[in-house]
Amino acid sequence: MALATTLKRAAPCRARMRGVSLLEMLLVIALIAVAGVLAASVLGGGIDGLRLRSAGKQIAAELRQTRTRAIASGVPQQFEIDPRNGRWSSSLGHHGEVPRQLRVVFTGAREVQPRPGQGAIRFFADGASSGGRIDLAAREAHWRIDVAWITGEVRSGRIEAPP
């Protein structure tokens with residue numbers, strides 16, 4: 001009889017001790033995902049910030065590749081950009097577009113300018129270049145790509161708003 005009483009008392013305890021349901025677990029995961037997306041957009045400048053960073057890194061990588069090709073082949077190579085249309089191309093046959101949400105400003109040597117309103121950076125066989133600067137902007141965020149004329153070094157990164 002004592003055993004039966006003990007079993008009856010244990011049964012209600014088991015009913016009260018239940019686990020987490022699948023629905024509750026999915027709800028918690030969804031809340032964590034939403035919080036993560038919101039935090040990333042606040043810290044990273046949102047979608048425009050992602051576009052800015054992506055376009056800046058893509059153009060910088062293409063400039064570096066064009067410079068490398070000039071050194072390896074011993075033949076000058078050229079990168080061209082049309083700031084009004086946001087299009088760029090290189091003598092390697094690569095081309096791309098800057099997202100329309102971004103503003104593009106090019107500063108460089110007029111002597112290598114292919115057409116009025118367009119810019120170019122020429123890389124020479126010794127690694128030097130004609131030099132230039134490409135500024136990308138989205139709202140308050142700015143990305144700058146600098147190409148040194150003596151060394152041809154390509155540097156890029158986020159900057160404070162230019163004056």
Side-chain angles (χ1 to χ4, degrees), residues 24-163:
E24 292 169 330
M25 190 172 293
L26 289 175
L27 182 63
V28 168
I29 291 171
L31 288 172
I32 291 171
V34 167
V37 168
L38 289 174
S41 67
V42 167
L43 295 175
I47 301 278
D48 286 339
L50 292 174
R51 284 186 186 118
L52 181 69
R53 192 170 23 262
S54 175
K57 287 184 176 188
Q58 183 181 20
I59 291 172
E62 186 62 32
L63 285 162
R64 288 183 184 106
Q65 190 173 9
T66 304
R67 178 178 182 263
T68 301
R69 181 63 168 267
I71 295 169
S73 68
V75 177
Q77 304 290 319
Q78 187 158 298
F79 176 90
E80 296 179 4
I81 189 161
D82 183 351
R84 284 180 287 191
N85 297 323
R87 293 191 178 108
W88 58 264
S89 64
S90 73
S91 54
L92 304 174
H94 303 160
H95 53 79
E97 286 189 33
V98 175
R100 293 178 188 211
Q101 297 85 351
L102 305 180
R103 294 181 310 280
V104 181
V105 176
F106 175 80
T107 307
R110 190 175 302 139
E111 292 78 19
V112 294
Q113 184 177 0
R115 288 170 288 291
Q118 296 185 354
I121 298 174
R122 186 170 294 151
F123 292 95
F124 304 103
D126 64 354
S129 75
S130 60
R133 170 178 289 165
I134 300 170
D135 285 323
L136 305 173
R139 295 185 190 169
E140 301 302 316
H142 300 271
W143 193 275
R144 177 168 287 168
I145 304 159
D146 276 319
V147 180
W149 64 275
I150 291 179
T151 63
E153 177 188 12
V154 178
R155 288 178 286 158
S156 74
R158 196 173 191 133
I159 60 166
E160 296 299 318

A60: partners by side-chain contact (heavy atoms from CB on, under 4.5 Å), with sequence neighbours left out: R64, I145, V154, S156
Closest heavy-atom pair and its distance - S130, A120: OG-O, 4.1 Å
Closest contact, heavy atoms only, A70 versus F124: CB-O, 3.7 Å
Value rounded to 0.5 Å, distance of CZ in R69 from CG in L92: 5.5 Å
Partners meeting side-chain contact (heavy atoms from CB on, under 4.5 Å) with T151 (sequence neighbours left out): A148, E153
side-chain contact (heavy atoms from CB on, under 4.5 Å) assessment of I134 paired with V105: CA-CA 6 Å; I134 300 170; V105 176; over 6 Å; no
Side-chain touch L136/H142, heavy atoms, less than 4.5 angstrom: no
Stepwise side-chain contact (heavy atoms from CB on, under 4.5 Å) check, D126 with I71: CA-CA 6 Å; D126 64 354; I71 295 169; over 6 Å; no
Those residues that, when tested against R133, pass side chain to side chain donor-acceptor pair (under 3.5 Å) (two or more places apart): D146
Verdict with reasoning, F106 to I121, per side-chain contact (heavy atoms from CB on, under 4.5 Å): CA-CA 10 Å; F106 175 80; I121 298 174; 3.8 Å; yes
Which residues share a side chain to side chain donor-acceptor pair (under 3.5 Å) with E111, sequence neighbours left out: none
Considering only distance and modelled atom types, tabulate donor-acceptor pairs under 3.5 Å from the side chains of residues 77-87, sequence neighbours left out.
from: Q77; atom 1: OE1; to: S91; atom 2: OG; distance (Å): 2.6
from: Q77; atom 1: NE2; to: V75; atom 2: O; distance (Å): 3.2
from: Q78; atom 1: OE1; to: R122; atom 2: NE; distance (Å): 2.8
from: Q78; atom 1: OE1; to: R122; atom 2: NH2; distance (Å): 2.8
from: Q78; atom 1: NE2; to: E80; atom 2: OE2; distance (Å): 3.0
from: D82; atom 1: OD1; to: R84; atom 2: N; distance (Å): 3.3
from: D82; atom 1: OD2; to: N85; atom 2: ND2; distance (Å): 2.8
from: D82; atom 1: OD2; to: Q118; atom 2: NE2; distance (Å): 3.3
from: R84; atom 1: NH2; to: P116; atom 2: O; distance (Å): 3.3

From CA spacing to verdict: side-chain contact (heavy atoms from CB on, under 4.5 Å), W88, I59: CA-CA 8 Å; W88 58 264; I59 291 172; 3.9 Å; yes
Minimum-distance pair of heavy atoms, taken over all atoms of L52 and A137: CD1-N, 3.8 Å
Which residues share a side chain to side chain donor-acceptor pair (under 3.5 Å) with H94, sequence neighbours left out: E62
Straight-line distance of F123 CZ to S90 OG, nearest 0.5 Å: 10.0 Å
